[in-house]
Amino acid sequence: DRGPEASQDLAGRKVVVSAGGTREPLDPVRFLGNRSSGLQGYALARAAAARGAHVTLVSANVTLPDPAGVSVVRVETTAQLREAVVAATSTADAVVMAAAPADFRPTSVSDAKIKKAGDGSAPAIELEQNPDILAEISRERARPGSVIVGFAAETGDDTGSVLELGRAKLARKGCDLLVVNDVSGGAVFGSADNEAVVLSADGDAVDVPRGSKSALAHVIWDQVARRFAD
Ligand code: CTP
Ligand code: CA
């Protein structure tokens, strides 16, 4: 982290950060989830607080301690994450969606624990799509002039490179900045380090070399703060 001499360029700003991974219940004991640790989102919350922002951290299933001076809202499902983010967004100067929302949820949740059948068969699980929170808040723009940031972990495939997929996702979501991680080599989830490109809707691309999640967090806030100034 930066020392006490760190700039207070976010003083008086209200920011919202989402972190972690949502879980969608199947029955009282099981869920569909993902491997997001919440480390990058927590680093973003700490960095913003250090730079003077009022931070609301919407945290989905993260086992890290609450960062000092940050208000933490705990959620479990994508629907709860959406509600908390949308509620906080109307007064926010910036929103950073570092969380990994589950894209799908079981169409129905069983009140009772699902039991094994004696014949060795397995149940089929029907899924439906969850709402896209980033696309929704980018479209609605509850607070004009706010800066909205998304994250994308991409591997690249036969439809495009990591950067091409990132550009397409930025346009599809309608956010201002998209932080793109190349995860084709593995080792991002739960790792202390991160490496990324910050793409912006105005065509900019800022390369962030491999470094701590705190260092990436500060680059992201630099990019957000620049856009406040314009
Ligand atoms: N996101 C969101 N709501 C969702 C899914 C994703 O707000 N239901 C946000 C994530 O927090 C992230 C960004 O959108 O900031 C990109 O997430 P990603 O999973 O890469 O996007 P998807 O649209 O779900 O695309 P994919 O099919 O590649 O998973
Ligand atoms: Ca997704």
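Every number for a ligand or one of its atoms is a count from 1 in the order of the listing.
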Task: Closest contact, heavy atoms only, L39 versus L64 - done: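 The pair with the smallest heavy-atom distance is CD2-CD1, 3.9 Å.
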
- [ ] Can you see which heavy atom on L10 is nearest to which on A225, and at what distance?
- [x]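 Answer, listing the atom of L10 first, then A225: CD2-CB, 4.2 Å.
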
Looking only at the side chains, is there a donor atom on one of [X] and [Y] sitting less than 3.5 Å from an acceptor on the other?
X    : Y    : result
Q40  : N194 : yes
N130 : E24  : yes
S59  : Y42  : yes
D119 : S121 : yes

Just list the N/O pairs, ligand 1 to protein, that are under 3.5 Å apart, with the distance for each.
unit_1	atom_1	unit_2	atom_2	d
ligand 1	3 (N)	I133	N	3.1
ligand 1	7 (O)	I133	N	3.4
ligand 1	7 (O)	L134	N	2.7
ligand 1	8 (N)	P131	O	2.8
ligand 1	11 (O)	M97	O	3.4
ligand 1	11 (O)	A99	O	2.7
ligand 1	14 (O)	K173	NZ	3.3
ligand 1	15 (O)	M97	O	2.7
ligand 1	15 (O)	F151	N	2.9
ligand 1	15 (O)	F151	O	3.3
ligand 1	20 (O)	K169	NZ	2.6
ligand 1	21 (O)	K169	NZ	3.4
ligand 1	23 (O)	K173	NZ	2.7
ligand 1	24 (O)	D103	OD1	3.1
ligand 1	25 (O)	K169	NZ	3.3
ligand 1	28 (O)	K169	NZ	2.8
ligand 1	29 (O)	D103	OD2	3.2

